[in-house]
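Just below is one structure, and these are the notes that go with it.
Computed over heavy atoms, backbone and side chain alike; hydrogens, waters and symmetry mates excluded. Below, read A as the first sequence line, B as the second, and so on, with proteins coming before strands; counting in each chain starts at 1. Not measured: the values here are computed from a predicted model.
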There are 2 protein chains.
Amino acid sequence: MPKLRLKPENASPPEALAPSESQLAIQAQFIELFVSAAGVLGVPRSIGEIYGVIFAAPQPLTFQEIVERLNLSKGSVSQGLRALRSLGAVRTAYVPGDRRDYFEPETELRNLVAGLLRDRINPHLEQASDRLGKVRQQVSAGQGLSSTEAEVLRSRVNKLESWRKKSALLLPLVAKVLG
Amino acid sequence: MPKLRLKPENASPPEALAPSESQLAIQAQFIELFVSAAGVLGVPRSIGEIYGVIFAAPQPLTFQEIVERLNLSKGSVSQGLRALRSLGAVRTAYVPGDRRDYFEPETELRNLVAGLLRDRINPHLEQASDRLGKVRQQVSAGQGLSSTEAEVLRSRVNKLESWRKKSALLLPLVAKVLG
DNA sequence: TAAGCTGTTTAGAAAAAAATGAACAAGCTT
DNA sequence: AAGCTTGTTCATTTTTTTCTAAACAGCTTA
């Protein structure tokens with residue numbers, strides 16, 4: 001008989017028992033929810049699954065538990081957890097006398113949104129600011145444009161500038177409402 | 001000598017002349033900007049290009065002009081324009097005596113954001129509401145949970161509910177600030 | 001009604017993104 | 001130090017998304 005890949009059940013570390021059937025059903029619902037959210041946010045499905053399974057767990061989960069419950073490869077889980085930590089969406093919890101990492105969810109919307117803004121939105125906004133300056137220059141210097149054309153282009157650049165300002169106004173407001 | 005694929009230059013329809021060099025440079029800058037924005041929003045690059053080229057043009061563009069300026073296939077442009085129209089990001093402009101469609105950009109941030117919310121966010125929020133009800137039910141009915149575990153899960157569900165409420169609060173506010 | 005435009009649809013190719021799995025590092029334990 | 005355990009890295013494979021090209025539909029004019 002080949003190796004059966006049994007879990008070592010005797011040396012009892014402090015991890016959760018195998019989830020009951022109803023726990024599994026609940027977990028599945030949570031995961032669905034976050035997978036759908038991942039779709040909206042444009043992040044990989046697996047990241048939604050990982051956050052979901054952590055969010056659905058009453059206690060912090062180990063890396064190994066995440067891998068087993070989701071049937072994902074270690075590689076995917078490792079990468080997914082890295083992304084989630086960088087967003088501040090999961091934290092590691094310390095468990096005395098256990099070398100393994102335990103993961104628990106950040107549940108404050110304010111902090112989750114802040115992470116998204118920091119990691120995904122802000123860098124692009126800054127880059128956009130640079131580009132916008134460049135466009136403005138070129139439009140000013142523009143040769144070979146009829147004056148009405150030049151006028152339209154200037155107004156387009158001004159529109160963009162006003163978008164930028166409104167965004168800059170909006171983001172702090174978002175933070176405030178969520179806090 | 002094989003066919004040279006000349007544009008018929010004699011029958012002069014009301015479309016713009018070939019853009020000058022500086023117009024091309026300006027156009028390129030605008031396009032870069034919107035391609036980058038497409039990245040943030042998670043829409044295909046080609047859609048960013050199409051919106052960009054329309055935004056950069058002092059006059060409305062024809063389908064054919066978009067195809068030529070971007071070196072995209074007719075298929076991509078057709079699909080991209082459909083998506084942009086569905087978002088309300090481009091409109092068709094009527095030109096008397098011309099059978100072709102002319103495209104011009106929606107430039108009000110308020111309307112652009114409204115389109116995104118309508119097409120991309122709202123459907124997911126509604127779906128999330130449904131799922132959330134389901135989870136709540138299952139957590140209430142949940143067997144095989146210790147009472148502390150059940151307590152944590154209930155609080156997680158409540159968190160989700162509060163996220164939903166805050167989002168519902170936030171979206172109108174966004175509309176207001178942008179208007 | 002044939003022939004020419006204008007644009008749409010869609011099967012399949014090409015490109016991009018995501019997931020896997022095997023090698024590897026780092027830390028314990030014996 | 002040899003052998004676990006825990007997790008990371010990264011080259012490769014798989015899956016998904018995006019783009020293309022060719023057929024086609026609907027008008028308009030000859």
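- The side chain of A:Gln79 sits closest to D:dC10 out of D:dG7, D:dC19, D:dC10.
- Using modelled atom types, one finds a donor on one side chain and an acceptor on the other under 3.5 Å when comparing B:Gln59 with A:Glu149.
- Scanning atom types as modelled, no donor and acceptor separated by under 3.5 angstrom connect the side chain of A:Arg100 and the base of D:dT6.
- Counting only heavy atoms from C-beta on, B:Arg99 has its side chain closest to D:dC27 among D:dC27, D:dC19, D:dA23.
- For the segment residues 29-50 of chain B, the set of residues with a heavy atom within less than 4.0 Å of an atom of DNA chain D comprises B:Pro44, B:Ser46, in numerical order.
- Under the 3.5 Å distance criterion, with hydrogens and angles disregarded, no donor-acceptor pair is assigned to the side chains of B:Gln27 and B:Gln23.
- With DNA chain C read from its 5' end, the first of the two nearest nucleotides for B:Leu81 and A:Ser73 is the one closest to B:Leu81.
- Under a 4.0 Å N-O distance rule, the pair A:Lys159/B:Glu108 qualifies as a salt bridge.
- Counting to the nearest Å, the P atom of D:dC27 and the CG atom of B:Asp101 are 13 Å from each other.
- Residues passing the ring pair (Phe, Tyr, Trp, His ring centres under 6.0 Å) test with A:Phe30 are A:Phe55, sequence neighbours excluded.
- Checking side-chain atoms of A:Arg156 against main-chain N and O of B:Ala56 turns up no donor-acceptor pair under 3.5 Å.
- Under 3.5 Å, the side chains of B:Asp101 and B:Thr62 contain no donor-acceptor pair of N or O atoms.
- Rounded to whole angstrom, the span from the CG atom of A:Leu61 across to the C1' atom of D:dG7 amounts to 16 Å.
- Within the 4.0 Å cut-off from OP1 or OP2 of D:dT20, at least one side-chain nitrogen or oxygen of B:Ser76 is found.
- Heavy-atom contacts of chain B under 4.0 Å fall on DNA chain C between two terminal nucleotides, which in 5' to 3' order are C:dG4 to C:dT10.
- Defined by atom type and a distance below 3.5 Å, a donor-acceptor pair is missing between the side-chain atoms of B:Tyr94 and B:Asp98.
- Between the side chain of B:Ser78 and the backbone N or O of B:Gly75, no donor-acceptor pair lies under 3.5 Å.
- Using a 4.0 Å heavy-atom cutoff across all strands shown, A:Leu72 reaches sugar-phosphate atoms only and no base atom.
- Protein atom CZ of B:Arg82 is 14 Å distant from nucleotide atom C1' of D:dT18, rounded to whole Å.
- Without hydrogens or angle criteria, B:Arg120 side chain to B:Leu41 main chain gives a donor-acceptor distance under 3.5 Å.
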